[in-house]
Protein chains: 4
Amino acid sequence: MAHKKREFSDSSPKKRTPQGESKKRLILKVATGVFAEKGFHETTIAQIAQIAKIAEGSIYHYFENKEDLLFSIPEERMENFFSSLREHLEGIKGTLSKLRKIIWYHLHFYEKNQDYVLILLQNIRLNPRFQSTRAYQLIREFAKLVAQIIEEGKKEKVIRSDVDSRLLRDAILGAIEHITIRGSILGRLSTLTEATKPLYDFFVSGIQTQSSMVTLPLREFLRPKKTFRKRIGRRSTKI
Amino acid sequence: MAHKKREFSDSSPKKRTPQGESKKRLILKVATGVFAEKGFHETTIAQIAQIAKIAEGSIYHYFENKEDLLFSIPEERMENFFSSLREHLEGIKGTLSKLRKIIWYHLHFYEKNQDYVLILLQNIRLNPRFQSTRAYQLIREFAKLVAQIIEEGKKEKVIRSDVDSRLLRDAILGAIEHITIRGSILGRLSTLTEATKPLYDFFVSGIQTQSSMVTLPLREFLRPKKTFRKRIGRRSTKI
Amino acid sequence: MAHKKREFSDSSPKKRTPQGESKKRLILKVATGVFAEKGFHETTIAQIAQIAKIAEGSIYHYFENKEDLLFSIPEERMENFFSSLREHLEGIKGTLSKLRKIIWYHLHFYEKNQDYVLILLQNIRLNPRFQSTRAYQLIREFAKLVAQIIEEGKKEKVIRSDVDSRLLRDAILGAIEHITIRGSILGRLSTLTEATKPLYDFFVSGIQTQSSMVTLPLREFLRPKKTFRKRIGRRSTKI
Amino acid sequence: MAHKKREFSDSSPKKRTPQGESKKRLILKVATGVFAEKGFHETTIAQIAQIAKIAEGSIYHYFENKEDLLFSIPEERMENFFSSLREHLEGIKGTLSKLRKIIWYHLHFYEKNQDYVLILLQNIRLNPRFQSTRAYQLIREFAKLVAQIIEEGKKEKVIRSDVDSRLLRDAILGAIEHITIRGSILGRLSTLTEATKPLYDFFVSGIQTQSSMVTLPLREFLRPKKTFRKRIGRRSTKI
DNA sequence: TATGAATGAGAGTTCATTCAT
DNA sequence: AATGAATGAACTCTCATTCAT
């Protein structure tokens with residue numbers, strides 16, 4: 001009555017316990033898909049087992065419990081995300097170019113990991129227990145990296161010195177995330193990277209027209225600079 | 001399906017303080033708090049009832065089921081949010097001022113409705129059934145309004161004509177949301193509005209320093225303008 | 001919707017005696033007994049589980065829900081009833097003999113399946129959802145069979161040609177059922193088959209005495225027959 | 001904490017508070033309809049109250065509880081049924097005519113009380129608590145009456161002396177009930193009385209053709225009668 | 001390793017019934 | 001007499017998790 005033959009090992013790239021390791025991957029893959037589609041709480045272990053064509057109990061050989069399975073999803077992906085990002089940033093000169101790269105890479109990554117994003121944003125990120133996770137550390141490191149790059153930009157006088165690095169970082173990441181979520185709702189996830197240039201432009205150059213923008217700055221530019229920031233500041237405050 | 005007859009019902013000293021409609025408000029208030037603190041799925045009806053000091057069954061007098069209770073939370077708040085925003089925008093001239101107001105108001109609203117935000121962003125927004133809700137319609141209307149204001153800005157030549165209104169809107173809202181979520185994690189929700197000016201500046205003026213920015217534009221400004229956009233475009237694409 | 005994690009699950013000394021398929025039978029048997037005794041609506045899943053000495057949840061491994069459990073009761077029995085009846089009818093010549101056999105077999109079956117009958121008549125038969133059931137189909141087939149046999153009898157001139165086959169069938173089945181129900185109330189279910197002969201006689205020979213019956217028919221018999229049925233008809237109608 | 005008021009007996013056949021009495025009737029009428037349509041257990045007090053356009057609590061002014069409401073349905077109807085039947089039987093001579101009348105009247109009553117029948121047969125009759133009810137007594141009396149009439153018939157030599165009166169009665173009533181139930185399923189309840197003649201004929205004359213039936217009896221008729229019944233009996237037993 | 005039947009705590013929900021008004 | 005908000009016991013059903021095989 002032997003079911004399962006699986007005579008030929010399937011997709012595993014390397015091998016440790018070639019079979020075992022690949023089965024863990026299988027579970028993770030299936031779980032990611034189902035979680036993304038139906039939501040974590042609406043998904044049952046039984047469903048995952050059924051789709052993965054394994055027994056429910058087998059899932060508990062690889063994962064402590066349902067939440068562990070959930071938290072295991074970002075592990076590999078974040079590792080991947082972060083190391084690959086570092087490669088991509090390798091050799092790029094200039095803060096703004098790095099920033100542009102980060103925006104592009106982030107969108108690109110979300111585009112290629114659509115199901116994962118939804119889970120991350122909806123079910124993982126705010127879970128307090130997630131914060132004691134390796135993946136969470138990577139996210140923090142990534143966030144720090146972005147803030148550092150911005151700080152560099154400020155030192156290099158490419159970015160205005162009054163910019164709050166962490167706030168800017170959050171704004172950029174937030175913009176990326178929101179666009180991703182909108183994309184997922186509207187089914188436009190596959191063209192996410194197209195938003196790179198406009199997003200970059202929003203943040204780097206702002207949205208003002210040259211004419212309306214320059215009027216004031218230009219005069220500033222030709223005059224002594226000391227009062228500049230103050231004036232801007234004043235303008236911004238009078239809501 | 002049915003219930004046993006309650007054979008002996010002697011032991012309960014029932015209180016009855018029929019405050020009428022206000023009980024619905026009470027439930028809503030308690031539910032919002034508990035949902036925000038523990039999460040929707042981690043909250044039980046029994047808990048809500050206990051905190052509200054009412055019977056579990058009473059909740060079902062006012063709400064169809066747990067999800068209906070959840071979806072009822074945004075109802076009033078969004079109505080409030082939107083109508084109050086309109087008031088705030090009343091009489092404001094200038095697209096950028098309106099935009100600044102919207103940023104401020106949004107942050108302000110989230111600051112005053114901290115628990116609500118978390119629920120909205122985590123448990124409500126992406127639920128497909130939410131989209132057949134009055135509150136969802138209001139959110140859509142609000143989003144449209146923002147995009148319209150941006151469009152106006154483009155017509156008035158205050159905002160660059162190559163700006164994608166909806167994308168900009170999503171970027172701004174995303175930035176606000178992300179900052180709010182970060183704030184909730186870090187316990188900084190009560191100073192949210194302080195982010196108004198920096199956020200506004202990011203989007204309106206960009207983050208580039210005058211010097212680095214003007215170098216190129218200034219030359220453009222002094223020359224014939226026709227090639228301007230093209231050059232910017234080219235620059236932006238070379239990632 | 002969801003369930004709390006079972007934080008500590010230490011206290012249970014679980015037994016596992018996987019008898020496989022026979023557990024479904026056990027549940028069915030216990031359920032039949034309790035349903036018959038207390039009625040479907042008055043029986044709780046917990047009671048069945050307790051008597052069967054299994055966990056409540058186990059019942060839901062074998063049956064979709066309580067109603068499915070109810071509707072599963074007739075499945076096997078009707079299959080049994082019908083196939084066994086066919087065997088019993090095998091080789092019997094003559095419509096009336098077949099009819100007698102059916103009456104006897106029906107009573108015999110009810111006698112041997114006392115608890116089942118009550119459930120069938122009280123909780124199953126009139127439930128609209130039952131009618132999309134295999135068991136219901138068998139009941140229909142049985143009913144058709146009886147009507148067919150009566151039709152045969154009419155062709156063979158053993159049964160009066162003016163007999164409405166379906167009505168006669170319903171009358172016979174109704175009589176059987178009512179007697180069964182009375183028997184169940186009076187605790188006489190074990191002598192049900194004794195009613196075979198009298199019931200058969202009621203329907204086949206009628207209840208009239210020879211004398212009172214023959215008086216008229218005999219005269220008819222000795223005279224030309226054509227006005228016979230009419231006269232009978234007239235008599236019957238003058239209520 | 002005294003519940004139960006009902007200090008004064010309620011069930012008076014005339015009227016005390018014309019309004020009150022008519023409201024009780026209203027509730028009874030509505031309840032009968034809903035019970036018949038959806039079944040007793042599937043009907044809620046709230047539904048009845050809603051349809052009757054009264055408050056749920058009001059129902060408990062007139063009825064002890066839900067079951068009391070159920071058992072109150074037959075009360076009036078059975079009273080009616082029985083007294084009206086007596087009138088109908090008034091002046092009818094001859095057992096068979098009375099029997100015919102009873103069949104007709106029963107079908108007629110069910111035809112006119114369609115919703116009531118279903119409730120009686122499905123939810124009331126077998127409920128043990130019903131048997132301590134006035135209505136149940138009436139049913140018993142009716143059943144006795146039928147058996148008595150049959151006994152009379154035997155004394156008058158119109159009905160064969162070997163007929164078991166109670167069994168015959170049960171067979172007749174069962175036939176009527178089954179035909180009614182079939183009628184309710186098939187939506188033919190409104191032509192129920194048409195079954196009077198065929199039913200009567202089944203029981204009184206039997207279903208055998210004259211020819212097949214008479215062959216034997218005729219010979220008997222011409223010979224001494226004593227061995228007649230025995231022979232029939234013998235035939236009937238050899239199943 | 002793998003299985004999947006078995007578990008059982010506990011969740012959401014229902015609804016007959018009560019009683020202050 | 002009438003109301004209907006309030007009650008809360010009890011029910012069905014779910015499902016993460018376990019463990020004997």
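Residue numbers begin at 1 in each chain, while the letters A, B, ... track the order of the sequences.
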Could you state the atom-to-atom distance from [atom1] of [X] to [atom2] of [N] in whole Å?
{"X": "D/Q47", "N": "F/dG4", "atom1": "CD", "atom2": "P", "answer": "17 Å"}
{"X": "B/D68", "N": "E/dT13", "atom1": "CG", "atom2": "P", "answer": "10 Å"}
{"X": "D/H41", "N": "F/dA10", "atom1": "NE2", "atom2": "C1'", "answer": "14 Å"}
{"X": "D/F40", "N": "E/dC15", "atom1": "CZ", "atom2": "P", "answer": "12 Å"}
{"X": "B/I27", "N": "F/dA5", "atom1": "CD1", "atom2": "P", "answer": "12 Å"}
{"X": "D/F35", "N": "E/dA16", "atom1": "CZ", "atom2": "P", "answer": "9 Å"}
{"X": "A/I59", "N": "E/dT1", "atom1": "CD1", "atom2": "P", "answer": "15 Å"}
{"X": "A/E42", "N": "E/dA11", "atom1": "CD", "atom2": "C1'", "answer": "14 Å"}

Side chain of [X], heavy atoms from C-beta onward: which of [options] has the nearest atom to it?
{"X": "D/I45", "options": "E/dT3, E/dT17, E/dT7", "result": "E/dT17"}
{"X": "D/K66", "options": "E/dG4, E/dG12, E/dA16", "result": "E/dA16"}
{"X": "A/A55", "options": "F/dT18, F/dT3, E/dG4", "result": "E/dG4"}
{"X": "A/Y62", "options": "E/dT1, F/dA16, F/dT3", "result": "E/dT1"}
{"X": "D/T44", "options": "E/dC15, E/dA6, E/dT13", "result": "E/dC15"}
{"X": "A/S58", "options": "E/dA2, F/dC13, F/dA6", "result": "E/dA2"}

From C/L121 atom CG to C/L126 atom CG, the distance as rounded to the nearest 0.5 Å
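Going from CG on C/L121 over to CG on C/L126, the span is 9.5 Å.
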Does NZ or CZ of C/K66 fall inside the cone over C/Y60's six-membered ring, less than 6.0 Å from its centre and within 45° of the axis?
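No, cation not above the ring by the 6.0 Å, 45° rule.
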Would you call the rings of B/F130 and B/Y136 parallel, tilted or perpendicular if under 30° counts as parallel and over 60° as perpendicular?
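Ring orientation, 0 to 90° scale: perpendicular.
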Mate of F/dT14 where both pairing distances stay under 3.5 Å, Watson-Crick or G-U:
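Result: E/dA9.
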Scan every strand shown for a Watson-Crick or G-U wobble partner of E/dT21, both distances under 3.5 Å, and answer none if you come up empty.
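Check on E/dT21: paired to F/dA2, both distances under 3.5 Å.
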Closest nucleotide of DNA chain E for C/G57 versus for B/E64: which of these residues is on the 5' side?
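Nearer the 5' end of the strand: C/G57.
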Pick the nucleotide of DNA chain E nearest each of B/N65 and B/H61; which residue has the one closer to the 5' end?
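This one resolves to B/N65.
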Think A/K23 has a side-chain N or O under 4.0 angstrom from the OP1 or OP2 of E/dA2?
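So the side-chain polar atoms of A/K23 do come within 4.0 Å of the phosphate oxygens OP1 or OP2 of E/dA2, strictly under.
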Want to settle it: does B/I54 or C/Y60 sit nearer the 5' end of DNA chain F, counting the closest nucleotide to each?
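Upstream on the strand: B/I54.
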Do the side chain of C/E56 and the base of F/dC13 come within less than 3.5 angstrom through a donor-acceptor pair of N or O atoms?
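Result: at least one qualifying N/O pair found.
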Would you call B/E67 and B/R129 a salt bridge, using N to O less than 4.0 angstrom?
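Judged by the 4.0 Å cut-off on N to carboxylate O distance, B/E67 and B/R129 do form a salt bridge.
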For the salt bridge (Lys or Arg N to Asp or Glu O under 4.0 Å) test, which of C/E75, C/E79, C/E76 pairs with C/R134?
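Of the listed options, the one satisfying the test is C/E79.
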Can you check whether A/Q47 reaches A/T44 side chain to side chain, under 4.5 Å on heavy atoms?
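Sidechains of A/T44 and A/Q47: in contact.
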